[in-house]
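Since the model is a prediction, treat every value here as computed from it, not as a measurement. The sequence lines fix the lettering, A, B, ..., with proteins before strands; numbering per chain opens at 1. Side-chain atoms are counted along with the backbone in the values below, which use heavy atoms only and exclude waters and symmetry mates.
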Amino acid sequence: MVRTRFAPSPTGYLHIGGVRTALFNWLLARQAGGQFILRIDDTDQQRNVEAALKPILDGFRWLGIDWDEGPEVGGPYEPYFQSQRGEAYAAAAARLLASGHAYRDYARPEELQAQREEAEKAGRTFVYDRRWMAEDDAAADRFEAEGRTAVVRLKMPREGQCVIQDRIRGEVRVDWASEQDHVVQRADGSCLYHLASVVDDHDFAITHVVRAAEHLPNTPRQVFIAEALGYTLPEYAHLPYVAEPGGTAKLSKRKLDKYLKNKDFAQLLEHGQRIAERAHLTVDADTFNPVIVDFYRETGFLPDAILNYLLLLGWSLDGSTERFTRASMIESFTLDRVNKAPASFDPQKMLAFEADWMSELEPKKKVAMVLPYLQRAGLVSQPPECELSDKLTRIVTAAGDRIKVAGDILDFDFCFVSPENLKYDEKAFEKRIAKPAEARPLLEQFAARLASIEPFVAERIEAELKQFCEEQDIKIGQIIHALRVATTGQPVGFGMFETLEVLGREQTEARIRRAVLLENSEKG
RNA sequence: GGCCCCUUCGUCUAGCGGUCUAGGACACCGCCCUUUCACGGCGGCGACACGGGUUCGAGUCCCGUAGGGGUCACCA
C-alpha cells in the first residue's frame with residue numbers, strides 16, 4: 001500500500017511549485033493504487049482557515065488532482081486539520097518526555113537569544129548548554145519559583161550521525177551534534193510543526209514523504225522524533241525545488257518585482273492581464289501572476305498542459321518523450337528518475353505546452369472554453385443565441401493555433417461587434433486604406449460584387465476575389481490587406497476568406513462601406 | 001558563517017566507462033510555404049564549471065577547488 005500526502009498551509013493561494021510537489025505525490029499514489037491525502041498544516045491557527053483554503057482546494061479540483069482523504073471528503077483518520085489534532089501531538093510530547101527523549105526547558109527566549117548571539121560573536125556554533133533544563137520535579141519547582149514557564153525540548157544526541165536514506169538523493173549523513181534541541185511544545189501546550197508533522201505522517205499511515213528539498217535539513221529532527229516514538233520511518237524523497245525564471249533561486253511568490261525583469265515572465269503576465277482586462281475579470285493583483293495557479297485558470301489554460309509541463313520540471317522518462325497524458329504520467333512516473341538539481345520555471349515552455357495541448361483540442365471543447373470570455377466581455381448575449389455555437393465553431397477552427405489560451409478568443413472580438421463599433425488600428429488603416437490611392441475604389445467595386453457570391457462561404461469568396469483581381473489586373477496583395485483592415489480593423493488575423501464567411505455578407509459589405517467613407521480623423 | 005544539497009546547450013533534459021566529432025524539446029537565427037499573423041517543413045547557432053587522480057579509455061567513478069542554492073525560530 002502506498003499512501004502519500006501533500007500538506008499545504010492555508011495561505012490563500014496555490015503556488016505552482018506546490019502543485020508540482022502535489023503532482024508527484026499524487027502520481028505515486030495513483031500508480032500504486034494507493035491513496036493521496038491532503039492534510040492541512042494550520043497549527044499556526046489562522047483566523048480564517050476556510051477562506052484561505054478555498055483557492056487551494058479549487059486549484060487542485062481544477063487541475064484534476066483529486067484527494068482520497070482530507071478536507072471535504074473526510075476519511076478514516078479524520079480530522080485532517082492539524083489545528084484539530086492538538087491532543088494527539090500533546091500525547092506524543094508527553095511520551096517523548098516520559099522516555100527521556102525530551103525535557104522541560106525553562107529558558108526564556110531572550111536568554112537563549114543572548115547565548116546564540118554570544119556564540120556567533122565568538123565564531124562557534126551555538127549549542128544550548130541545557131542550563132534551564134529540568135530533569136526532575138525539584139528542578140522544575142525551583143525554576144517555576146523564579147516565575148519561569150516550561151516548553152518541551154528535544155534532547156538531541158550530541159554524537160554520532162543521522163543517516164537518511166533518500167529516494168532521490170541517496171544516503172545523506174548529518175552529525176547529530178549540528179542539531180539543536182528543538183522546541184516541540186510551547187508553554188501553553190500547543191505543539192510545533194515538526195512534531196505534528198511526524199505524528200500525522202504516522203497516524204495517517206503515510207508511506208512516502210515526498211516534499212521539497214528545503215525540508216531536507218529538517219529531516220534529522222523528524223527522524224529523531226519518529227524513532228523516539230517507535231514509529232517505522234516512511235520513505236523520504238526530497239524534490240529539488242522549482243527555481244525562478246532564468247535563475248537558480250527558489251521560486252517564491254514574494255519576489256514578483258524581480259521576475260518582472262525576466263522578459264518571458266513579464267510577457268506571460270502581460271498576456272494574462274490583457275485577457276483579464278478585456279474580459280472584465282476582477283483579479284486579485286496579489287495572486288494574479290504566473291507563480292499562482294489561479295492565473296492559469298482565469299486566463300484559460302488547460303489543466304492537462306500545466307500538469308504536463310510541471311511533470312517535466314525535474315523529471316523525465318527519457319531523452320525524448322515530452323507529451324504525457326494523465327494516464328501515461330501515472331503509468332511512467334518513478335521517483336528514481338527525478339532530477340537532483342533545481343529546475344527553473346520557463347514561462348515560454350509552459351506556453352508551448354499549452355499551445356500544443358490546445359491544438360489537439362476538438363473544436364466543440366474549445367468553443368465551450370472560449371464562450372465564458374466572450375460573455376464576460378459583453379460580446380455575446382447571455383444566454384447565447386442558438387446560431388452562436390455554429391459561428392464560434394467556425395471562428396475557433398479558423399483561428400486554429402492562434403488561440404493558445406481560451407482568453408485569446410478576445411483577439412477576435414471584431415467578429416462580434418457591429419460595423420459602427422468596429423475599431424480600426426490606426427497605423428494599419430493609414431497604410432492599407434488611407435494612403436494607397438487604389439484602395440478605396442477597389443474596395444467599393446469588390447463590395448458591389450458581394451451580392452453575387454452564393455453561397456457566402458470561404459471557397460466561393462476566394463474564387464470571386466481571385467476573379468476580381470484578374471479582371472482588374474491586380475495582384476491579390478493589392479486589395480487583400482485593405483480588405484482585412486476594412487473588415488476586421490486589424491492588420492493581422494486568420495484566413496481572409498474564413499473571416500469574411502464568419503462575418504457574413506451583410507457585415508462584410510457594411511464594414512467595407514464604412515471603411516471607405518471613413519475619414520482618418522474618425523476611425524475611433 | 002556552520003551544516004546540508006546541487007553543477008551537460010539561454011532553459012527543461014538524455015547520457016548510468018568505449019556506440020559522444022554529446023541526442024531531444026522550448027527559445028533564438030536563417031530558408032521554404034503564404035493574402036497578414038500564426039501553424040507546419042527544412043537547416044543553423046549552442047553545453048559536459050575547473051583541477052587532480054583511477055583506467056588502455058571519463059560527461060559517466062574518486063578527491064579537491066570554484067560557483068550556485070537551501071537551511072539554521074517557542075513559522076510552516
Side-chain angles (χ1 to χ4, degrees), chain A residues 7-11 41-44 46 82 105 107-109 112-113 116 119-120 123-126 149 151-153 164 166 168-169 172-175 177-180 182-188 190-194 196-197 212-220 238 240-241 243 245-250 263-264 309 312-323 337 339-353 355-356 359 399-404 411 428 432 462 465 469 475-485 488 490-497 499:
Chain A
S9 318
T11 49
D41 278 11
D42 58 346
T43 51
D44 220 13
Q46 303 190 7
Q82 292 194 325
D105 182 58
R108 296 191 169 106
L112 249 32
Q113 189 51 37
R116 223 174 252 126
E120 196 177 329
R124 51 190 168 78
T125 320
F126 168 69
T149 53
V151 297
V152 176
R153 260 182 210 285
I164 299 159
D166 191 279
I168 293 167
R169 274 148 228 284
V172 177
R173 293 169 169 273
V174 184
D175 289 340
S178 67
E179 283 290 309
Q180 300 294 322
H182 305 281
V183 174
V184 291
Q185 187 175 32
R186 299 184 182 94
D188 66 3
S190 64
C191 293
L192 277 331
Y193 168 76
H194 292 292
S197 184
E214 61 195 89
H215 286 283
L216 190 53
N218 302 329
T219 308
H238 288 93
Y241 49 81
T248 48
K250 186 171 73 175
K263 196 176 102 266
D264 300 335
Y309 173 69
L312 264 13
L313 250 198
W315 180 86
S316 69
L317 175 65
D318 51 41
S320 55
T321 314
E322 292 268 312
R323 194 184 169 84
R337 289 201 58 89
N339 260 356
K340 290 178 185 164
S344 113
F345 175 75
D346 182 348
Q348 279 193 332
K349 193 148 188 179
M350 163 95 246
L351 234 199
F353 273 96
D356 184 49
S359 74
D401 297 295
R402 295 168 186 85
I403 298 176
K404 289 184 163 60
D411 285 343
R432 300 299 189 186
E462 180 171 3
L465 185 69
C469 290
K475 283 199 238 169
I476 200 165
Q478 288 175 266
I479 181 174
I480 209 159
H481 299 293
L483 190 55
R484 179 182 297 284
V485 175
T488 71
Q490 303 289 319
V492 301
F494 47 81
M496 188 71 261
F497 310 112
T499 303

**Message:** What is the distance, to the nearest angstrom, from the CD1 atom on A/Ile403 to the P atom on B/C37?
**Reply:** 19 Å
**Item:** Euclidean distance, atom CG of residue A/Asn339 to atom C1' of B/U8 [Å, nearest integer]
**Value:**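 My rounded result for the distance is 11 Å.
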Quick check on [N]: is either OP1 or OP2 less than 4.0 Å from any side-chain nitrogen or oxygen of [X]?
X: A/Ser316; N: B/A14; result: yes
X: A/Lys250; N: B/G68; result: no
X: A/Ser344; N: B/U11; result: no
X: A/Arg337; N: B/A14; result: yes

As a test of reading the structure: which of [options] is closest to the side chain of [X], going by heavy atoms?
X: A/Ala249; options: B/G70, B/A38, B/A14; value: B/G70
X: A/Gln82; options: B/A14, B/C74, B/A76; value: B/A76
X: A/Thr43; options: B/C37, B/C6, B/A76; value: B/A76
X: A/Thr125; options: B/G2, B/U13, B/U36; value: B/G2
X: A/Ala341; options: B/U13, B/C6, B/C75; value: B/C6
X: A/Thr248; options: B/G68, B/C37, B/A76; value: B/G68

**Asked** Base, sugar-phosphate, or nothing: which does A/Val172 touch, judged by heavy atoms less than 4.0 Å apart?
**Response** sugar-phosphate
**Message:** Please classify the nucleic acid contact of A/His238 as base, sugar-phosphate, or nothing, using heavy-atom distances under 4.0 Å.
**Reply:**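 Result for A/His238 = nothing.
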**Prompt:** If we call it a pair only when both distances are under 3.5 Å in a Watson-Crick or G-U wobble match, what pairs with B/A27?
**Reply:** none
**Message:** Under a 3.5 Å cut-off for both contacts, is B/G70 paired Watson-Crick or G-U wobble with anything, and if yes, with which nucleotide?
**Reply:**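 In the structure as shown, B/G70 has B/C3 as its Watson-Crick or wobble partner.
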**Prompt:** Looking only at N and O atoms, is any donor in the side chain of A/His182 or the base of B/A73 less than 3.5 Å from an acceptor on the other one?
**Reply:** no
Can you tabulate the close N/O pairs, meaning under 3.5 Å, that link protein atoms to atoms of nucleotides 26-28 of chain B?
from: B/A27; atom 1: O4'; to: A/Gln348; atom 2: OE1; distance (Å): 3.3
from: B/A27; atom 1: O2'; to: A/Gln348; atom 2: OE1; distance (Å): 3.2

**Side-chain (A/Asp175) to main-chain (A/Ser178) donor-acceptor, under 3.5 angstrom** = no
**Request:** Decide if atom CD of A/Glu120 counts as having more than 12 heavy atoms of other residues, nucleotides or ligands within a radius under 6.0 Å.
**Result:** no
